[in-house]
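Comments concern the structure below.
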Amino acid sequence: MEPVVTLDELIFAGRNRAYGAFDLRQHYRPTLARALGLGVGLFLLALLTPALLNELVAKKADFWMKEATLTKLPVAPPVEPPIRLALPETAPPVATVRNLPPLILPDAAVTIEETPPTVEDFRDATSGDKTAEETGNGEEIILPPEDAAPSRVEQAIETAPVSEEPFLVVEQNPDFPGGTAALQRHLSQNLRYPAPASRANVSGRVFVGFVVNADGSIADVQLLRGIGFGCDEEAKRVIEQMPRWKPGKQAGRAVRVRFTLPIVFALE
């Protein structure tokens with residue numbers, strides 16, 4: 001079998017092959033093939049690198065999401081600060097009637113010095129160790145004779161009436177005529193939603209404080225906390241136009257009581 005003669009051998013037949021050109025032509029095609037393959041590989045790697053990175057990042061994120069456990073805690077509602085009201089320092093004076101203390105005496109020493117108080121005496125007063133405000137003392141008033149000359153000249157002094165401080169806590173709270181249901185009906189019939197609050201979609205509670213007098217009338221209307229947009233003024237207007245309440249009572253008598261009423265403004 002005859003040896004295969006390549007093109008390089010034919011070209012360099014009878015020439016000096018040790019010069020270097022023959023060796024270059026022999027290694028040119030393999031080197032060109034390797035370079036072309038390496039270039040194509042690098043080009044494909046550059047194209048596939050972003051996709052590979054995205055795949056690796058997605059797998060890593062998915063791994064961490066599977067391992068982690070997230071717990072969503074409920075959001076606590078905002079706590080409204082309590083309204084602190086000062087307690088009265090001293091209670092107003094209450095009429096009292098002296099009640100006889102029980103004493104054990106022999107029959108010979110029993111004498112009736114004064115009659116015991118009756119049920120009528122305790123209608124507007126309470127029991128005590130002495131009679132106060134000159135009620136039920138049973139003492140006889142001796143008038144001087146008409147022709148007797150006065151020993152001294154008495155002059156009446158006009159004093160301004162002392163205003164009783166309103167109670168914050170009483171035995172019997174003041175009440176709207178008809179109860180809570182009647183109060184809600186009165187507010188729903190007389191309360192008007194202010195136009196600025198309606199346009200701004202404002203809703204909430206307005207706290208109004210006022211005093212229920214001993215005769216049931218409303219006085220000293222004050223805004224404790226409002227929401228603005230005309231709702232505060234409307235709440236005060238409705239409170240000032242309310243009818244007389246049933247007054248609160250302390251020790252059986254009507255007294256002035258400070259009252260706090262929340263009024264709700266809500267859009268339907």
Side-chain angles (χ1 to χ4, degrees), residues 80-103 114-139 141 156-191 205-226 232 235-264:
E80 298 181 353
I83 301 175
R84 300 184 180 274
L85 301 176
L87 296 176
E89 297 180 357
T90 57
V94 180
T96 60
V97 176
R98 181 183 179 185
N99 200 358
L100 296 177
L103 296 176
E114 58 179 331
T115 59
T118 62
V119 178
E120 296 295 331
D121 296 334
F122 289 104
R123 184 176 302 277
D124 297 327
T126 59
S127 177
D129 57 349
K130 63 180 180 179
T131 301
E133 296 183 0
E134 299 181 359
T135 57
N137 51 12
E139 296 180 358
I141 300 176
I157 300 176
E158 295 183 359
T159 59
V162 179
S163 178
E164 184 184 64
E165 291 295 329
F167 282 77
L168 300 179
V169 179
V170 291
E171 297 175 354
Q172 183 176 349
N173 292 323
D175 192 13
F176 188 84
T180 305
L183 176 59
Q184 293 178 355
R185 288 195 302 269
H186 176 78
L187 294 177
S188 62
Q189 293 174 0
N190 294 275
L191 197 65
R205 292 186 178 183
V206 177
F207 290 85
V208 181
F210 54 92
V211 175
V212 180
N213 291 323
D215 59 353
S217 60
I218 304 299
D220 193 16
V221 181
Q222 298 179 1
L223 176 66
L224 302 181
R225 188 175 64 185
D232 306 341
K236 292 182 62 177
R237 183 191 67 82
V238 173
I239 294 297
E240 292 173 350
Q241 295 181 355
M242 285 195 300
R244 291 179 181 268
W245 285 41
K246 295 180 181 178
K249 292 185 178 182
Q250 179 71 14
R253 68 187 186 94
V255 294
R256 302 175 72 232
V257 181
R258 183 168 294 278
F259 198 84
T260 301
L261 182 65
I263 298 180
V264 180

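For this chain, numbers begin at 1 and follow the sequence in order.
Using a 4.5 Å heavy-atom threshold, the side chains of Ile263 and Ile239 count as touching. Counting heavy atoms from C-beta outward, Gln250 and Val257 have side chains that stay 4.5 Å or more apart. At least one side-chain heavy atom of Val212 sits less than 4.5 Å from a side-chain heavy atom of Ile218.
Here the CZ atom belonging to Phe210 is positioned 5.0 Å from the CG atom belonging to Leu261, to the nearest 0.5 angstrom.
The nearest pair of heavy atoms linking Ala254 to Ala214 is CB-O, 3.6 Å. In terms of heavy-atom proximity, Val238 sits nearest to His186 at O-NE2, 4.4 Å. The shortest non-hydrogen separation linking Asn213 to Pro247 is O-CB, 3.6 Å. Between Leu224 and Gly209, the shortest heavy-atom distance links the atoms CG-N, 3.8 Å.
By the side chain to side chain donor-acceptor pair (under 3.5 Å) test, Glu240 is found to be paired with no residue, residues two or more places apart in sequence or in another chain being considered. Scanning for salt bridge (charged side-chain N to carboxylate O under 4.0 Å, His left out) contacts around Arg244 gives Asp215, with sequence neighbours left out.
No hydrogens or angles considered: a donor-acceptor pair under 3.5 Å links the side chains of Arg237 and Gln241.
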Return all side-chain donor-acceptor pairs below 3.5 angstrom for residues 166-184, not counting sequence neighbours, or 'none' if the list is empty.
residue	atom	partner	partner atom	Å
Glu171	OE1	Ala251	N	3.3

